[in-house]
Amino acid sequence: MLGEIWESYLQRYIRYSRFSEREEQEGLAYFRDKLFISILLLTFVLGSLSYVPSTYVAVSRDEPIIVVLNTCTILGLIFTVFYRGLSFYTRKILFSTNIFFLSFVMFMVLGLEGNGSVLIFALSILITLFNGRKHGLLAVLIVAVFYVILLLGLYFELFYLPIFDQYDFQLLSIVMVNNLLFNLLLVFSVSFLINQLHTALLKGNQLQIELHEKHNNVLEAKNRVEKSDKLKSAFLANMSHEIRTPMYGILGCAQFLKEYNEDDPNYQEYIEVIEDSGEQLLDIMTDIINISIIESGLMFTNIKMFNVNDNINTVYNAFIPEADEKGIVFILNNTIAIQDAYISSDSEKVTSVLKYLIKNAIKYTDKGTIELLCGRKDESFIEFHLKDTGMGIHEDNYENIFDTFYQVDVENENALHGSGVGLTIAKAYIEMLGGNISLISEVGVGTSFLFTMKVNLT
């Protein structure tokens, strides 16, 4: 309850002081000034509450200087808080001067038994927080000058202060030196902490920018998935988004971690494992999102003119290293002439179809060959024929092979790798591109996929 009330008054004062007109893009200076507002208001509130009892005690103990000091301090705080014509820099100077004056007088009158030395410590920390290390060290320097003046006054008997009755020169010197050293320790510790937090904030903002761009892609897909009769599709799309977002965070952090221990091969290998596994998981999430959008009826084509041979060659070259790694001979036989290569269709979906089918062929082929044949069937269609020498598919499974999440052989080790939606998406895309797909397969011999696409899609 008190927190909500304080936040409400803080927001009102932010608007009153015109601080709300500033932007967070100012960086650390913005957050330092916002912190100063909280410190200023909190000091004013607590100081106002303690003014009456502290003044009453001072009057009862016949200490008029404390009464005057309290009154001057409160009046200074009122002026600093409520005069709108002051800049934030001026407010900080007035606030610091006011508290310095209060702490010095209390130290001279009450000595170490009062709160003067505590206020000096606190003020060094506060100035470092809202103005930085440079001003924090300046505050320590001012305190050092003040201490030197007191020591000179005591040693040469230039003036008298009540604190001189409590300590001799040697003891007071030791106390003041210790106070200064402790002040320096506080200033450097706080400034180090602020700098580290600022560095972390900058890295976090950079990571957020990078993640935001990738996150927008996920939001695009998610926003296109509306409520439909297929609860499963809506649920899968939502869950995929929820898993994908933190995965971007993991991959982003892995990128930053690669900058450390660059000479440690084991460390770098572990980071690569994180990245590879994360990318695989993201591919699975992308497949699940795509099949969900397809089943929801929200997948559309982006028709434009392009050279289909470029797509074929790009996909072929991308899978050669993977085929070579398994010892498979990957052959491309493309008979599409240059003048016939320009078609009006969805370039991304053509590429995706080829990727899904070739990836599936490599996954289920342990040795032998994979051959992709491409050519014009007639004036209206392009025909593709993908043949492999893999494990093959039983004829009973022909009708189910394109079903969502269907695996030919769940007991086979290879079948366990993948989401089981690649062929489903490929078939859906082919039909959206005006074609169809069929297969011929024999267990232990291999599989052939035959599919077509329209040349001029409208």
Side-chain angles (χ1 to χ4, degrees), residues 3 5-51 68-107 115-116 118-146 183-184 186-202 204-205:
I5 295 175
W6 170 254
E7 185 65 26
S8 174
Y9 279 109
L10 180 61
Q11 293 302 322
R12 290 182 184 179
Y13 184 75
I14 286 176
R15 291 191 293 270
Y16 172 80
S17 63
R18 299 190 181 95
F19 182 79
S20 57
E21 299 174 3
R22 298 174 58 179
E23 300 290 338
E24 290 190 17
Q25 284 75 8
E26 296 180 30
L28 189 58
Y30 171 88
F31 293 102
R32 287 192 189 277
D33 288 348
K34 191 171 183 180
L35 176 62
F36 171 71
I37 290 177
S38 299
I39 294 172
L40 178 63
L41 290 181
L42 191 59
T43 303
F44 172 71
V45 171
L46 296 179
S48 300
L49 293 175
S50 64
Y51 173 73
V68 174
L69 180 63
N70 285 345
T71 304
C72 291
T73 302
I74 287 298
L75 291 177
L77 283 174
I78 292 174
F79 178 76
T80 304
V81 170
F82 292 105
Y83 185 61
R84 299 184 69 183
L86 298 176
S87 65
F88 272 92
Y89 182 75
T90 306
R91 289 180 197 273
K92 291 178 180 180
I93 293 178
L94 290 176
F95 173 79
S96 302
T97 304
N98 201 10
I99 304 302
F100 264 132
F101 178 73
L102 173 65
S103 59
F104 287 168
V105 173
M106 292 184 67
F107 185 81
N115 293 326
V118 176
L119 284 176
I120 290 174
F121 288 140
L123 187 58
S124 299
I125 296 174
L126 294 179
I127 291 177
T128 304
L129 283 173
F130 62 68
N131 256 352
R133 179 189 299 176
K134 180 179 178 181
H135 290 83
L137 292 175
L138 180 61
V140 175
L141 180 60
I142 293 173
V143 174
V145 172
F146 170 68
N183 259 333
L184 285 172
L186 290 175
V187 168
F188 280 108
S189 298
V190 172
S191 63
F192 176 78
L193 176 62
I194 293 298
N195 289 336
Q196 290 299 310
L197 291 174
H198 183 225
T199 301
L201 179 64
L202 291 177
N205 288 338

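Nothing fancy with the numbering, it's 1 onward along the sequence.
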Test item: [X] side-chain N/O and [Y] main-chain N/O as donor-acceptor pair under 3.5 Å:
X   : Y    : value
R32 : L129 : yes
T97 : L94  : no
K92 : F130 : yes

So, using side-chain hydrogen bond (donor to acceptor under 3.5 Å, both in side chains) as the criterion, who are the partners of [X] when residues are at least two apart?
X   : answer
N70 : S54
T90 : S87
T71 : Y51

Taking all non-hydrogen atoms of both residues into account, name the closest pair between [X] and [Y] and its distance.
X    : Y    : result
G136 : T128 : CA-OG1, 3.4 Å
I127 : A139 : CD1-CB, 3.7 Å
L119 : S103 : CB-CB, 3.5 Å

Under the ring pair (Phe, Tyr, Trp, His ring centres under 6.0 Å) test, which residues partner [X], sequence neighbours left out?
X    : result
F101 : none
F192 : none
F100 : F104

So, do L137 and R133 sit near enough that their side-chain heavy atoms are less than 4.5 Å apart?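 L137 reaches R133 side chain to side chain.
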
Taking the side chain as every heavy atom from C-beta outward, state whether Y83 and I78 have any atom pair closer than 4.5 Å.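 Side chain of Y83 against side chain of I78, heavy atoms only: no contact under 4.5 Å found.
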
